[in-house]
Amino acid sequence: MASSTVTPPRPDRPARPNLAFRHLRGHRSPAEFAALVRRAAREIGECVSCDARYIGRVEAGEIRCPNYAYERVFLHMFPGRTLSDLGFAPRASVRGRGARTPEDAPCTHTTRPERTTSDERNTGETRETGGAHQPYDTQDPYDKYHDHEESDVLRRAFMTGGGATMAAATLGPLGLAHDASAARPVRRAGTSEAGALEEAVRRIRLLDDRHGADGLYRRAAAPLRAAYALLDAGTTRQTTADRLHSGAGELAISVGWLAHDSGRFDDARSHYAEALATARVTGDQGLEAHAFCNTAFLARDAGRPREAVRAAQAAQRVARPLGSPRLMSLLALREAGGWAGLADRTGCEQALVRAQALYDRGPCDSDPEWMSFYGEAELEGLEAQCWSTLGDWPRAARHAKRAADLQDPHFSRNIALYTAELADDLARGGLPDEAAVAGMRVLDLLDQVQSSRIQTMLAGTARVLLPHRRAGGVSTFLERHASTPRMV
């Protein structure tokens, strides 16, 4: 059994804010800046799952020195600057790190670090797992850890990346829960477990954005069981307990979304209800608003539009004090979708106008990190769905086309979704040739994206186009669609 190297404790001291990094962010919101970081990473072949929370941790000084993957990305974004220029501490001065030269920086997964965790023993040690597989340093150099195998498995679970096949493999290690009821007793959870849980949520979202839900849902159930096992284990700090509850609730929503997007509506409803209960227990308004938001979306898709309206309105009541116009905009769109399902054009239009006005107020620091997907493309896409439900095919097609054109290439699933919406609107609007062209673009994306929702939409489009199968483009699309493997 490996032993942990314990360094002498040092007195706690508050983190020093990284003002230089905050200055570089400028007028952009943390979510917008995180999107720029992800884009820069793709330009140099790195894989990081940067989000608003990570940017906030850097600016708060919690991350004194980034790992090597982030270092390469930041130096690519700001040529000619050093880590010190960006407000970071020298790598050699960060406790637990060796003073490696850039040539020594690892580019691939290295051997796993010594296992330490929890709030109960203070080592002050930070670890470097290195390479693009470690999205960021999840540990505070002044936190307290001890040897604990469960938390180490959880921490490592989502640290790999890659294509669709790797996406499924990424979830594999969280067979942490060989089972939550394993004979081995679970010790108290600490900040490292909370950080690993938050990272699990980010990785699921990132993988869903790229590959869709179908290949991820079953494997994501294990980390969710592990998350609630951590809650049951308890913790010694209230702040850590709050993070664990929030993380578990967000993970329940993420797993619920994977069920939702892959057509498992009953499972999704159960996961969203679990998240809502977790939010109510802890008085977490942000989590409650998120759970109601997804519940409204699910109700719309499940053919319960009145429930969608009620859930969206409940979300808006909870979210109003949070001070995020972009969140209120998204919730207004959820309400609009419900009104469209009730064939209430006036109610739908009023909600859409409200959503646009709120969106136009711009981003702010109060925007939740899970809303990184919500930009102009998503707004256009959700409005397209409203007009499609109301049967206004030309208007729906215009918005769907704008959504597909505006979408960040990072969100492969959403590009496929908006393009499938466009194909269906064109087909139902009497433009079969244009619909077939859009449908072919969706089929091209299905090598990367696995989503029952998109495949169901495309199957509906194919049925609408059957009477036009004599047209050359339509015939080619129908033949290729018929030969495309279906998800099981």
Side-chain angles (χ1 to χ4, degrees), residues 171 180 197-198 200-205 207-209 212-214 216-231 244-320 322 324 327-328 330-338 341 368-374 378 382 385 413-414 417 451-453 456:
L171 296 170
L197 180 53
E198 291 159 354
V201 175
R202 296 185 189 103
R203 288 299 291 172
I204 285 180
R205 290 172 183 161
L207 293 169
D208 176 54
D209 291 341
D214 283 35
L216 302 176
Y217 172 60
R218 286 190 177 89
R219 291 181 178 272
L224 183 58
R225 288 195 300 271
Y228 279 93
L230 290 175
L231 285 184
L244 287 169
H245 277 90
S246 177
E250 290 293 346
L251 186 57
I253 291 174
S254 292
V255 175
W257 166 248
L258 296 178
H260 180 174
D261 195 42
S262 55
R264 301 171 174 90
F265 288 174
D266 289 342
D267 288 355
R269 189 177 180 88
S270 175
H271 290 308
Y272 292 160
E274 189 170 34
L276 186 57
T278 303
R280 292 277 177 83
V281 164
T282 58
D284 188 333
Q285 289 180 301
L287 179 60
E288 185 175 356
H290 192 185
F292 270 130
C293 176
N294 278 44
T295 299
F297 198 18
L298 174 65
R300 187 209 71 171
D301 286 352
R304 298 191 297 270
R306 199 170 301 279
E307 179 186 331
V309 171
R310 289 197 299 266
Q313 291 173 340
Q316 290 170 79
R317 287 194 297 272
V318 174
R320 195 164 286 115
L322 300 178
S324 170
L327 174 57
M328 294 297 291
L330 176 61
L331 298 176
L333 282 168
R334 296 289 188 244
E335 182 183 342
E369 67 170 278
W370 59 264
M371 286 188 61
S372 60
F373 72 93
Y374 185 57
E378 181 73 4
L382 291 174
Q385 292 172 13
R413 176 203 166 273
N414 281 4
L417 177 66
S451 170
S452 294
R453 172 192 297 270
T456 299

Which atom names give the shortest non-hydrogen contact between [X] and [Y], and what distance separates them?
X      : Y      : answer
Ala296 : Ala312 : CB-N, 3.7 Å
Arg300 : Ala308 : N-CB, 3.7 Å
Leu333 : Tyr374 : CD1-OH, 3.2 Å
Gln285 : Val318 : O-CG1, 3.3 Å
Thr282 : Thr278 : OG1-O, 3.1 Å
Leu276 : Glu288 : CD1-CG, 3.6 Å

Check for a donor-acceptor pair, side chain of Glu335 on one end and backbone N or O of Leu331 on the other, with a separation under 3.5 Å.
no
Within the distance-only criterion (no hydrogens, no angle test), does the side chain of Ser270 pair as donor or acceptor with the backbone N or O of Asp266 below 3.5 angstrom?
no
Which value, rounded to the nearest 0.5 Å, describes the distance between [X] atom [atom1] and [Y] atom [atom2]?
X      : Y      : atom1 : atom2 : result
Asn414 : Phe373 : CG    : CZ    : 8.0 Å
Leu322 : Met328 : CG    : CE    : 9.0 Å
Phe292 : Arg334 : CZ    : CZ    : 14.5 Å
Glu250 : Glu369 : CD    : CD    : 7.5 Å
Thr456 : Asp301 : OG1   : CG    : 10.5 Å
Thr295 : Arg310 : OG1   : CZ    : 12.0 Å

Evaluation steps, side-chain contact (heavy atoms from CB on, under 4.5 Å), between Phe297 and Leu330
CA-CA 11 Å; Phe297 198 18; Leu330 176 61; over 6 Å; no
Evaluate the side-chain proximity of Leu287 to Trp370: yes if any heavy-atom separation is below 4.5 Å, no if none is.
no
If we count only N and O atoms by modelled type, under 3.5 Å, do the side chains of His260 and Asn294 hold a donor and an acceptor together?
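There is no such pair between these side chains.
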Derivation of the side-chain contact (heavy atoms from CB on, under 4.5 Å) call for His271 and Arg264
CA-CA 11 Å; His271 290 308; Arg264 301 171 174 90; over 6 Å; no
